[in-house]
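Inspection log for the structure reproduced underneath, given as structure tokens.
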Amino acid sequence: MEGVGGEGTSTAAAALNQRRHEVSKLFQYYLDKSTPHAPYRWIGTFLLMCLYALRVYYVQGFYIVTYGLGIYILNLLIGFLSPLVDPELEPTDGPLLPTKGSDEFKPFIRRLPEFKFWYAITKAFCVAFMMTFFSMFDVPVFWPILLCYWLVLFVLTMKRQIMHMIKYKYIPFNIGKQKYRGKKPASSASSPRAD
């Protein structure tokens with residue numbers, strides 16, 4: 001008799017695994033379809049952020065959850081603004097980032113790509129939103145202290161990141177299309193040959 005019950009359990013587990021796999025494939029399909037639509041993805045995340053803010057404001061609590069969310073987003077932002085290979089951490093023979101206009105153009109490659117940045121932030125807001133429905137996460141704290149501490153942490157972290165950008169001369173954003181200019185024409189006065 002135990003064999004029959006065990007067989008039914010394994011069949012149910014296999015069916016559950018099959019269903020989970022199908023849902024995972026469907027989710028990945030729609031996630032892949034959303035990849036080229038960055039503005040719409042960010043608008044959706046902004047709406048989710050507003051929904052979370054309204055929820056926290058409405059219940060007047062969950063400030064620790066919000067603080068943890070803020071720290072996590074700050075950590076993601078650092079990865080988004082940092083180059084893939086940090087010249088400070090991994091010294092090489094030559095510069096990895098172009099430091100002069102005459103250097104070879106190398107595009108800025110982020111440590112955390114935009115899609116993964118968006119996906120992590122969206123997941124974080126979803127998890128934080130779900131946490132607001134459980135009272136065990138509503139730890140009573142004086143929220144202005146947390147806000148001041150987070151602002152100080154944000155300013156110090158961004159100051160360090162901006163100093164790193166200045167030191168290694170990189171900009172983590174693409175501002176318009178790159179315009180390439182050919183070699184400068186030599187002036188007639190500096191030309192060694194007079195025609």
Side-chain angles (χ1 to χ4, degrees), residues 27-28 30-32 34-92 95-99 106-176:
F27 178 73
Q28 188 63 45
Y30 284 113
L31 198 61
D32 291 343
S34 73
T35 303
H37 307 289
Y40 300 115
R41 287 189 283 118
W42 283 103
I43 288 170
T45 301
F46 180 74
L47 292 175
L48 184 63
M49 181 183 72
C50 291
L51 184 67
Y52 174 77
L54 284 173
R55 171 81 178 145
V56 169
Y57 179 75
Y58 176 71
V59 297
Q60 294 292 313
F62 298 99
Y63 302 121
I64 290 290
V65 173
T66 305
Y67 176 73
L69 178 65
I71 295 294
Y72 181 69
I73 290 173
L74 182 61
N75 186 31
L76 291 174
L77 185 63
I78 294 300
F80 182 70
L81 296 176
S82 299
L84 179 63
V85 179
D86 192 351
E88 216 167 62
L89 299 177
E90 298 178 21
T92 58
L96 294 173
L97 298 170
T99 55
K106 296 178 185 173
F108 181 79
I109 302 172
R110 302 174 190 287
R111 186 174 359 142
L112 181 65
E114 183 270 337
F115 184 79
K116 289 183 179 180
F117 179 57
W118 165 80
Y119 186 61
I121 285 178
T122 305
K123 280 195 319 188
F125 272 108
C126 288
V127 168
F129 185 75
M130 296 315 276
M131 289 173 76
T132 62
F133 292 100
F134 299 98
S135 62
M136 68 180 165
F137 297 115
D138 190 12
V139 179
V141 292
F142 187 60
W143 67 266
I145 291 176
L146 287 179
L147 180 62
C148 289
Y149 183 66
W150 187 84
L151 288 173
V152 167
L153 191 62
F154 178 79
V155 167
L156 291 176
T157 305
M158 285 299 109
K159 179 182 174 190
R160 191 181 88 219
Q161 187 66 32
I162 290 170
M163 295 306 289
H164 189 271
M165 288 180 203
I166 292 170
K167 181 178 180 182
Y168 292 102
K169 299 180 175 96
Y170 67 92
I171 299 173
F173 303 107
N174 295 335
I175 305 171

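In what follows, every heavy atom counts, from backbone to side chain, and hydrogens, waters and symmetry copies are set aside. Note that the structure is predicted; figures quoted are calculated from it, not measured. The chain is numbered in sequence order, starting from 1.
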Pairwise side-chain contact, [X] with [Y], heavy-atom cut-off 4.5 Å (strictly under):
{"X": "Met130", "Y": "Phe137", "answer": "no"}
{"X": "Met49", "Y": "Thr45", "answer": "no"}
{"X": "Ile145", "Y": "Tyr63", "answer": "no"}
{"X": "Phe154", "Y": "Trp150", "answer": "yes"}

Exercise. Using a distance-only test with no angle check, is there a side-chain donor-acceptor pair under 3.5 angstrom linking Tyr52 and Thr66?
Worked result: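 A donor-acceptor contact under 3.5 Å links the two side chains.
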
Enumerate, atom names and distances included, each donor-acceptor pair closer than 3.5 Å involving a side-chain atom of residues 68-80, sequence neighbours excluded.
none

Can you measure from [atom1] ([X]) to [atom2] ([Y]) and round to the nearest 0.5 angstrom?
{"X": "Lys167", "Y": "Met165", "atom1": "NZ", "atom2": "CE", "answer": "14.5 Å"}
{"X": "Lys116", "Y": "Lys123", "atom1": "NZ", "atom2": "NZ", "answer": "10.5 Å"}
{"X": "Phe62", "Y": "Thr132", "atom1": "CZ", "atom2": "OG1", "answer": "5.5 Å"}
{"X": "Phe27", "Y": "Asp32", "atom1": "CZ", "atom2": "CG", "answer": "10.0 Å"}

For this session: Count the heavy atoms of every other residue, nucleotide or ligand shown that sit under 6.0 Å from CZ of Phe133, and state whether that count exceeds 12.
Result: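 Above 12, so yes.
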
Exercise. Under the criterion side-chain contact (heavy atoms from CB on, under 4.5 Å), which of Gln161, His164, Arg111 is the partner of Leu81?
Worked result: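 The single option meeting the side-chain contact (heavy atoms from CB on, under 4.5 Å) with Leu81 is Gln161.
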
Exercise. Do you know the tightest heavy-atom contact between Gly61 and Val56?
Worked result: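 Closest approach of Gly61 to Val56: O-CG1, 3.2 Å.
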
Exercise. Is the cationic atom of Arg41 (NZ for Lys, CZ for Arg) positioned less than 6.0 Å from the six-membered ring centroid of Phe115 and within 45 degrees of its normal?
Worked result: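 Geometry flag: not set, cation outside 6.0 Å or 45°.
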
